[in-house]
Amino acid sequence: MTTHATSSELIREADAHSAHNYHPLPVVVSTAEGAWMTDVEGRRYLDMLAGYSALNFGHRNQRLIDAAKAQLDRVTLTSRAFHHDQFAAFCTELADLCGMEMVLPMNTGAEAVETAVKTARKWGYRVKGVPDGQAKIVVAADNFHGRTTTIISFSTDEEARRDYGPYTPGFEIVPYGDVAAMEAAVDDRTVAVLLEPIQGEAGVLVPPPGYLAEVRRITAQRNVLFIADEIQSGLGRTGRTFACEHEGVVPDMYVLGKALGGGVVPVSAVVSSNAVLGVYRPGEHGSTFGGNPLACAVALEVIAMLRTGEFQRRATELGAHLHRELGALVGGGAVEAVRGRGLWAGVDIAPGHGSGREVSEALMERGVLVKDTHGATIRIAPPLVISKEDLDWGLDQLRAVLGG
Ligand SMILES: *Cc1c(COP(=O)(O)O)cnc(C)c1O
């Protein structure tokens, strides 16, 4: 369907009839392909955000669109009341990609995190032997795990939490990257430690070297599940299938989402061992849409694409280039610090050089789309299919905006 309204007309209409829980950049996209989006006036923009890693394979990746179209002509939804012929392969392949045994499919990231929390508690009571109602989950400050009432109960972001109480108990928050604090927080009631191996929303914060390995040691010693929320860091973004791999760490459970749906449909999952996901009995958890045929068909293609290693390789090589170029801006005045791994970077703008929002708007004027976070930081995470030429052009625009 084409529209003849202008961008500003559509923005005004959206503002009048949608809740203002977002503050999007004033661009109205109508089509997209690969790393590029086109707005309703025909202006083109390089997508350097990639839907917070939901678009790791780019917009409308041909393999994923073909898989979706083929499934649209067969069957799209059955509910879990019946089996369907894409489900077994999806679970087998995803478990294998993760080096795990069992999959519990959901739709959005937040639902998968909720599932991880419920699984850890149930495992704690049924397997570990924690007294009923006493289970504790240790999380990190500055986390982002989603928007449900329980998940924001253990957020440290006041904007995300304010006016949503009463909050779900059973969580202890420790500073991210602090091994001693983690060691002190884990006790006999602790059923899980839930962490992002790299904190995306916090500004692409990479923990100190050895941190994840120390968390793995502590959790293994204390019979506590190590849950890695790889919803944003996983599936190629950092140059590996999972960000945990950079530290040689294998958690007890992966929480996946975003790129698992190939930018086509929401697909999320918890992936773990028989000993952990085996705690469920029929009726104890579920989702009408979780593991639907369309989701499974698209995710199966995502898994097949990840198996080639091509996207991890691109993230490694282009990511090294990205970080070399961004690193050269540090100390030049406008950039205070750069963090990240692979095709993923948080860039802190120095005071006096504009807020993250202002830099994002200036980049938009030059045809590059990024997202600010926490005031002074911009997040760069282009689709892994971006060409080196396009990445360099995007970096040229950043340098022009920052006066580097
Ligand atoms: C995006 C994100 C989530 C939440 O995913 P939704 O699909 O938006 O619910 C959870 N954890 C991390 C690390 C994320 O980046």
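Note that ligands are numbered from 1 as they come in the structure, with each ligand's atoms numbered from 1 the same way. Just so you know, residue 1 is the first one in the sequence shown, and it goes up from there.
Set against the non-hydrogen atoms of F144, the atoms of ligand 1 under 4.0 Å away are 1 (C), 2 (C), 3 (C), 11 (N), 12 (C), 13 (C), 14 (C). Each of the atoms 13 (C) of ligand 1 lies under 4.0 Å from some heavy atom of E196.
In this structure, F154 has its ring center at least 6.0 angstrom away from the ring center of Y167.
K258 NZ, 2.5 Å is the protein heavy atom nearest to atom 2 (C) of ligand 1. For atom 11 (N) of ligand 1, the nearest protein heavy atom (residue, atom name, distance) is D229 OD2, 2.7 Å.
Residue contacts with ligand 1, taken as heavy atom pairs separated by less than 4.0 Å, do not involve Y52 at all. Of the heavy atoms in H145, only backbone atoms (N, CA, C, O) come closer than 4.0 Å to ligand 1.
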For this session: Please assess R222 against D187 for the test salt bridge (charged side-chain N to carboxylate O under 4.0 Å, His left out), listing each intermediate value before the final yes or no.
Result: CA-CA 8 Å; R222 304 296 299 269; D187 60 24; over 6 Å; no
For this session: Apply the test salt bridge (charged side-chain N to carboxylate O under 4.0 Å, His left out) to residues R217 and E214: give CA-CA distance (whole Å), side-chain angles for both, the deciding distance (0.1 Å), then the verdict.
Result: CA-CA 5 Å; R217 176 187 61 76; E214 283 294 287; 2.9 Å; yes
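A donor and an acceptor atom, one from each side chain of E41 and S7, are located under 3.5 Å apart. No donor-acceptor contact under 3.5 angstrom links the side chains of S268 and E111, judged on distance only.
Residue A110 has at least one N or O atom closer than 3.5 Å to an N or O atom of ligand 1. Residue-to-ligand polar distances place G109 within reach of ligand 1: an N/O pair is separated by less than 3.5 Å.
Between L256 and C98, the closest side-chain pair of non-hydrogen atoms falls below 4.5 Å.
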